[in-house]
Amino acid sequence: MKESPALTDLVVSGVFISTEAQWVFERTTANSDYDWNVDFSDAPLIELSGEHGFTGRPHMIGSTDSNYDTFRWGWSPDNDWKEPAIALSRKVREYGAEHQIPEFTDPEFDTHDDQALRMVIAAKVITGHLFHVPLPVGPATAWLIVDAPQLQLGEPEIRPVVKALAAGLSVTDIPNHRTAIQEYGRLRGFHVVENGDGLRMLLKDGSADLTFDSLNRLTNCQVTQPLSDEAAEQLSAAGVAEPQLVRVEVEDAPPVEESQAPTAEVVAEPEPSVTSGAEDSAEQVLPQTAAVEDETVADVPVQEPAAEVVEEPVASVPTEPEPVAPREAEPVEQPSVKEEPAPEPTPEAEKPKKKKKGFFGRLFGR
């Protein structure tokens with residue numbers, strides 16, 4: 001099914017704010033055991049164990065099935081979820097019916113993980129709930145949006161914002177980077193102004209000058225921190241930027257007495273710790289420090305703090321994700337042959353090797 005233009009527009013609007021939210025999710029849960037317990041009774045509950053674990057409320061947005069390559073919405077009548085678990089998913093359906101977006105009103109359709117991620121990003125823009133986690137359960141993956149007091153974006157800052165640009169370009173296909181950045185500023189609450197043929201992002205702690213090619217693809221990003229005199233004047237003239245992301249509330253589940261607290265019904269397979277030193281650890285993707293000021297911003301060059309923009313050439317923002325070490329193919333057990341020797345087998349085509357996922361990648365479901 002060809003993606004509808006309205007769905008594409010929602011993904012363009014939400015890709016960067018979703019990416020920033022997932023960075024925050026990863027930092028918030030650093031050093032946790034990644035043992036998720038999920039309950040979808042009348043009082044939906046999600047628990048993450050570990051040093052930085054937390055308890056929150058899950059929303060079943062949908063699920064993918066690798067056996068059939070399909071995506072099924074949480075609100076689908078073929079499911080047996082109770083209403084509190086799928087109330088947010090139903091809001092997405094209502095939006096789709098109102099705006100005639102077929103992907104949101106079709107209970108189940110053929111798709112793949114990248115397309116499922118695009119559904120989740122669009123759902124974030126529609127509902128204003130920004131944090132998600134894909135949980136593998138057998139051959140299926142449950143795509144959950146999670147609410148918890150620990151999961152907050154806070155005031156926008158230049159380095160996390162630029163980092164979200166660099167990472168977001170490799171998350172999914174974005175046809176117009178310029179529009180996506182303008183939408184990021186609108187939803188997040190910071191100014192994006194015209195700057196020659198490009199754009200300038202204006203935040204309280206710094207600015208970033210962006211250039212684009214003829215297809216509106218991001219080519220350069222030059223960060224200045226703190227604000228130059230010119231940028232400070234522009235920010236003062238622009239005034240306060242209010243975030244335009246509207247949060248849709250759903251009816252809270254009834255309170256559960258502690259003695260009647262439900263036991264977890266869905267237990268995801270434990271994720272490896274990001275501090276385990278494995279090849280696919282999140283530490284290779286993102287430094288595990290909460291102090292953003294000390295972190296590098298992907299491959300986007302960031303200047304040292306200065307009062308003025310230093311006119312030095314800057315490297316291009318990467319548009320391709322960094323390769324991940326492939327996993328060795330598992331040996332296939334060959335059946336034994338009795339009495340007569342088997343004919344010499346014809347070499348089979350080598351199966352593509354699966355890539356390992358870092359925790360940040362697992363948070364995106366890629």
Return the minimal non-hydrogen interatomic distance between [X] and [Y], and the atom names on each side.
{"X": "Ile181", "Y": "Phe16", "value": "CG1-CE1, 3.7 Å"}
{"X": "Phe40", "Y": "Met60", "value": "CE1-CE, 3.7 Å"}
{"X": "Phe109", "Y": "Met119", "value": "CZ-CE, 3.3 Å"}
{"X": "Phe190", "Y": "Pro156", "value": "CD2-CB, 4.2 Å"}
{"X": "Val15", "Y": "Ala180", "value": "CG1-CB, 4.4 Å"}
{"X": "Ala167", "Y": "Ser170", "value": "O-OG, 2.9 Å"}

Please identify each residue that fulfils side chain to side chain contact (heavy atoms under 4.5 Å, CB included) with [X], with sequence neighbours left out.
{"X": "Asn67", "value": "Asp65, Pro139"}
{"X": "Pro243", "value": "none"}
{"X": "Ala148", "value": "Phe54, Gln150, Leu151"}

For the pair Arg90 and Glu83, find out whether any cationic side-chain nitrogen is under 4.0 Å from an anionic carboxylate oxygen.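 Yes, Arg90 and Glu83 are salt-bridged.
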Lys/Arg-Asp/Glu bridge criterion (N-O < 4.0 Å) met for Arg57, Asp147: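 Here Arg57 does not pair with Asp147 in a salt bridge, since their nearest N and O are not under 4.0 Å apart.
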Does CG belonging to Asp197 count more than 12 external heavy atoms closer than 6.0 Å?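 No.
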So, the side chain of [X] versus the backbone of [Y]: is there a donor-acceptor pair under 3.5 Å, distance only?
{"X": "Arg118", "Y": "Asp173", "value": "yes"}
{"X": "Ser63", "Y": "Ala142", "value": "no"}
{"X": "Asn195", "Y": "Gly198", "value": "no"}
{"X": "His191", "Y": "Gln234", "value": "no"}
{"X": "Thr28", "Y": "Val24", "value": "yes"}
{"X": "His132", "Y": "Val120", "value": "no"}
{"X": "Thr64", "Y": "Phe71", "value": "no"}
{"X": "Thr224", "Y": "Leu227", "value": "no"}

For the atom pair [atom1] ([X]) and [atom2] ([Y]), what is the distance rounded to the nearest 0.5 Å?
{"X": "Trp73", "Y": "Asn79", "atom1": "CH2", "atom2": "CG", "result": "12.0 Å"}
{"X": "Leu203", "Y": "Arg159", "atom1": "CG", "atom2": "CZ", "result": "12.5 Å"}
{"X": "Leu187", "Y": "Leu153", "atom1": "CG", "atom2": "CG", "result": "11.0 Å"}
{"X": "Gln152", "Y": "Leu130", "atom1": "CD", "atom2": "CG", "result": "9.5 Å"}
{"X": "His129", "Y": "Ile145", "atom1": "NE2", "atom2": "CD1", "result": "7.5 Å"}

Mutual orientation of the aromatic rings belonging to Phe25 and Trp36 [parallel < 30°, tilted 30-60°, perpendicular > 60°]: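 If you compare the ring of Phe25 with that of Trp36, the planes turn out perpendicular.
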Would you call [X] and [Y] a side-chain contact if the rule is heavy atoms closer than 4.5 Å?
{"X": "Met201", "Y": "Leu165", "value": "yes"}
{"X": "Leu199", "Y": "Val192", "value": "yes"}
{"X": "Glu194", "Y": "Gln182", "value": "yes"}
{"X": "Leu48", "Y": "Thr29", "value": "yes"}
{"X": "Leu7", "Y": "Gln115", "value": "yes"}
{"X": "Ile46", "Y": "Asp39", "value": "no"}
{"X": "Val133", "Y": "Trp143", "value": "no"}

Step by step, work out the side chain to side chain contact (heavy atoms under 4.5 Å, CB included) result for Leu144 and Val38. CA-CA 10 Å; Leu144 311 181; Val38 186; 4.2 Å; yes
Option from Thr127, Thr105, Leu10 for which side chain to side chain contact (heavy atoms under 4.5 Å, CB included) with Tyr95 holds: Leu10
Which residues pass the side-chain hydrogen bond (donor to acceptor under 3.5 Å, both in side chains) test with [X], not counting sequence neighbours?
{"X": "Ser4", "value": "Glu103"}
{"X": "Asn176", "value": "Thr179"}
{"X": "Glu155", "value": "Lys204"}

Starting from the C-alpha separation in whole Å, work towards a yes-or-no answer on side-chain hydrogen bond (donor to acceptor under 3.5 Å, both in side chains) for Thr8 and Glu3. CA-CA 7 Å; Thr8 301; Glu3 185 172 282; 2.5 Å; yes
Hey, mind stepping through Thr219 and Asp213 against side-chain hydrogen bond (donor to acceptor under 3.5 Å, both in side chains) and telling me if it holds? CA-CA 7 Å; Thr219 54; Asp213 63 15; over 6 Å; no
Strictly by modelled atom types, are Lys124 and Ser18 linked by a side-chain donor-acceptor pair under 3.5 Å?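 Result is yes, a qualifying pair exists.
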Verify the distance criterion only: is there a donor paired with an acceptor across the side chains of Ser207 and Arg200 at less than 3.5 Å?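 Distance-only check fails for Ser207 and Arg200.
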Check step by step if side chain to side chain contact (heavy atoms under 4.5 Å, CB included) holds for Thr70 and Thr111. CA-CA 5 Å; Thr70 58; Thr111 188; 5.5 Å; no
Check against side chain to side chain contact (heavy atoms under 4.5 Å, CB included), Gln244 and Arg188: CA-CA 7 Å; Gln244 299 301 305; Arg188 186 70 172 90; over 6 Å; no
Quiz item: cation-pi between Arg93 and Phe104, 6.0 Å / 45°: no
With side chain to side chain contact (heavy atoms under 4.5 Å, CB included) as the test, would you mind laying out the steps for Ile174 and Val11 before giving the verdict? CA-CA 8 Å; Ile174 303 299; Val11 175; 4.1 Å; yes
